[in-house]
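Some notes on the structure that comes next.
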Amino acid sequence: DGGITQSPKYLFRKEGQNVTLSCEQNLNHDAMYWYRQDPGQGLRLIYYSQIVNDFQKGDIAEGYSVSREKKESFPLTVTSAQKNPTAFYLCASSKENSNQPQHFGDGTRLSIL
Amino acid sequence: QKEVEQNSGPLSVPEGAIASLNCTYSDRGSQSFFWYRQYSGKSPELIMSIYSNGDKEDGRFTAQLNKASQYVSLLIRDSQPSDSATYLCAVMAPGTYKYIFGTGTRLKVLA
């Protein structure tokens, strides 16, 4: 079945540590996205990528980094510069046509140890 | 900053009633609109997309779009307790690949 796979489902970060969240899709979608969701709040865009080897900052990119070396993969690194990383992280993808909806992975819940 | 606004709720309706969820958006040039359902602790799942003024029906769900008034709504007929969730409205920012999400309306269907 086609879909978006995020891993791990739960992740714990120590002080000063960088952690990487994985996102893989087999939907042949061109665009991929990372969102952060805090309890009781909406989705805030961290980074997005329309094509391989290109990506743009979203509204809250500080303390995060991404890469897009393959169409299928869009990993997110939460760096030690992100002082409040505890949140639910969602990866999404969509077709190149801008009318198409996004589809989401199951999410990664990140907490600080 | 382009915005999408929703009443956070909770909106409580009895089982079998019609639930009406509303969303307004600020960018008059927006063309693509989406409703997602998100259960607690889970990721959003797409319910409906709507692109033209008027109503679009899919089973118990009806999306309504009024571009002149800049609002989009979702009606859920014969509401069931399993419909209890947060409903997110999303709008495609014109000329971009960015989706702007509202903060969601929490719906509670009372058995």
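The chains referred to below are lettered A, B, ... by the order of the sequence lines, with proteins before strands, and numbering in each begins at 1. Given the structure is predicted, the values throughout are model-derived calculations rather than measurements.
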Inset, instruction - Please answer whether the main-chain N or O of G105(A) pairs with a side-chain N or O of S43(B) as donor and acceptor at a distance below 3.5 Å. - result: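 Side chain of S43(B) to backbone of G105(A), a donor-acceptor pair under 3.5 Å: yes, one is there.
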Inset, instruction - Keeping the roles fixed (side chain from Y51(B), backbone from N99(A)), state whether a donor-acceptor pair exists under 3.5 Å. - result: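 Judged by distance alone, yes, a pair lies under 3.5 Å.
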[X]-[Y] co-clustered via ILVMFWY side chain contacts under 4.5 Å:
| X | Y | result |
| --- | --- | --- |
| V72(B) | L107(B) | yes |
| L11(B) | L74(B) | yes |
| Y35(A) | M92(B) | yes |
| L21(A) | I4(A) | no |
| Y64(A) | L45(A) | no |

Legend entry - Between A90(B), G41(B), P44(B), the one whose heavy-atom pairs under 4.5 Å with chain A are most numerous: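 Most heavy-atom pairs under 4.5 Å with chain A: P44(B).
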If you count every heavy atom of other residues, nucleotides or ligands that lies below 6.0 Å from [X] atom [atom1], does the total exceed 12?
| X | atom1 | result |
| --- | --- | --- |
| D78(B) | CG | yes |
| L110(B) | CG | yes |
| K67(B) | NZ | yes |
| E62(A) | CD | no |

[X] versus chain B, the contacting section by heavy-atom distance below 4.5 Å:
| X | answer |
| --- | --- |
| R109(A) | side chain |
| Q50(A) | side chain |
| Q37(A) | side chain |

On a heavy-atom basis, which atom in [X] and which in [Y] lie closest, and how many Å separate them?
| X | Y | result |
| --- | --- | --- |
| K95(A) | Y97(B) | O-CE2, 4.4 Å |
| P101(A) | Y99(B) | C-OH, 3.9 Å |
| K42(B) | F88(A) | O-CE2, 3.6 Å |

Return the [atom1] to [atom2] distance between [X] and [Y], rounded to the nearest 0.5 Å.
| X | Y | atom1 | atom2 | value |
| --- | --- | --- | --- | --- |
| Q41(A) | T103(B) | CD | OG1 | 8.5 Å |
| S32(B) | Q100(A) | OG | CD | 8.5 Å |
| S49(B) | Q102(A) | OG | CD | 11.0 Å |

Legend entry - Part of Y36(B) within contact of chain A (heavy atom distance under 4.5 Å):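 Side chain only.
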Legend entry - Contact class of Q38(B) relative to chain A, heavy atoms under 4.5 angstrom: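 Only the side chain of Q38(B) comes within 4.5 Å of chain A.
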Inset, instruction - Check the pair K98(B) / D59(A) against side-chain contact (heavy atoms from CB on, under 4.5 Å), numbers first and verdict last. - result: CA-CA 11 Å; K98(B) 294 176 67 173; D59(A) 301 317; 3.9 Å; yes
